[in-house]
Amino acid sequence: MTPPKRAPKHIAIIMDGNGRWAERRGYPRIFGHIRGSSRVKPIVREADRLGVNALTLYAFSTENWLRPESELRVLWKLLKKYFVKEFEELKKKNIRMRILGEVDRLAPEIRKVLDPMLEGLCQNTGLQLNLAISYGSRRELARAARLFAEDCLAGVREPEDMNEELMQHYLWTSDLKKFSDVDLVIRTSGEHRVSNFLLWQSAYAEFVFTDVCWPDFTPEHLRDAIREYSNRDRRYGQIEVAQPVSLLQ
Ligand code: IPE
Ligand code: IPE
Ligand code: MG
């Protein structure tokens, strides 16, 4: 596909519906997670091929910690497997991977695989792949407020320094710089909600909801969503289709 004229630079996906996909077929929920985890690679490849600058995948929310231990164990196992299996390809494709979320809460055996991998990919300059793990937008914003307050107490900042641009500096997405704003959010599985995902960064994002569950989501579905995005009029509060305005005062 030739990239559409108005291609999204930053796409974020809420990869939802693994459990229902499995249950509808009479399988335990974990089958959905297994199949769902195998969908990540083709989507990353396609985003890379299409020249998307940043791809953020919501893999595990702060609220997902409340799921049964048996399900959590499978999710962590799959995540670890993904890291081990994909490192070489990500490296070869110049993909820079980072984690958005509470990395400190991840188990030591995950960190043992993850940390060297992040280190090995951090110099890459291609697609920026963000995995949102133990991520919650409210937690991210509360953390930002705390970090800023600490900087004020340390005399590094003054309260009146805070504005929309500086706020970005305290978010988990800070090193995405000009790509930190999300253009397109896709949610699979027919749910029409954001579930605590990128509330700040998606302030002017376009949303595409699809009934397809994540384990069935293919590069073709991604291209469909991009096509739909490219037909939207992004007005940013103005009257005609506009370039994003600086939201700074
Ligand atoms: C998304 O699928 C994966 C995670 C949240 C980890 P779900 O597990 O939420 O599947 P459904 O929504 O229950 O079908
Ligand atoms: C959102 O899906 C989180 C991820 C896809 C990782 P959930 O299934 O956890 O969200 P709700 O419960 O439908 O809001
Ligand atoms: Mg769900």
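Whatever order the structure lists them in is the order used to number ligands and atoms, beginning at 1. Basis for what follows: all heavy atoms, side chains included, without hydrogens, waters or symmetry-related copies.
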Query raised in the report: What distance separates Leu114 CG from Ile99 CD1, expressed to the nearest 0.5 Å?
Result: 4.5 Å
Query raised in the report: side chain to side chain donor-acceptor pair (under 3.5 Å) with Asn18: which residues, sequence neighbours excluded?
Result: His33
Query - salt bridge (Lys or Arg N to Asp or Glu O under 4.0 Å) between Glu206 and Arg6, worked out - result: CA-CA 12 Å; Glu206 297 295 324; Arg6 267 181 303 125; over 6 Å; no
Query raised in the report: Are Trp76 and Glu109 side-chain neighbours, meaning at least one heavy-atom pair lies under 4.5 Å?
Result: no
Query - Under 3.5 Å donor-acceptor, Asn231 side chain and Glu228 backbone - result: no
Query raised in the report: Looking only at side chains, do Ser134 and Trp65 share a donor and an acceptor under 3.5 Å apart?
Result: yes
Query raised in the report: Could you give the distance from CZ (Arg20) to CH2 (Trp214), rounded to the nearest 0.5 Å?
Result: 14.5 Å
Report summary line: Any protein N, O or S atom under 2.8 Å from the Mg ion (ligand 3)? Found Asp16 OD1
Query raised in the report: Ser137 and Tyr135: side-chain donor and acceptor closer than 3.5 Å?
Result: yes
Report summary line: At under 4.0 Å between heavy atoms, what of Arg29 touches ligand 1? The answer is side chain
**Report entry** side-chain contact (heavy atoms from CB on, under 4.5 Å) partners of Glu89, counting only residues at least two apart
**Finding:** Lys41, Arg45, Glu86, Lys93
Report summary line: Pocket residues around ligand 2 (non-hydrogen, under 4.0 Å) come out as Ile14, Met15, Asp16, Tyr58, Ala59, Phe60, Asn64, Arg67, Arg187, Arg193, Ser195
Query raised in the report: Under 3.5 Å, is there a donor-acceptor pair between the side chain of Tyr229 and the main chain of Ile11?
Result: no
Report task. Go through ligand 1 atom by atom and flag the ones less than 4.0 Å from a non-hydrogen atom of His33. Result -> 3 (C), 8 (O)
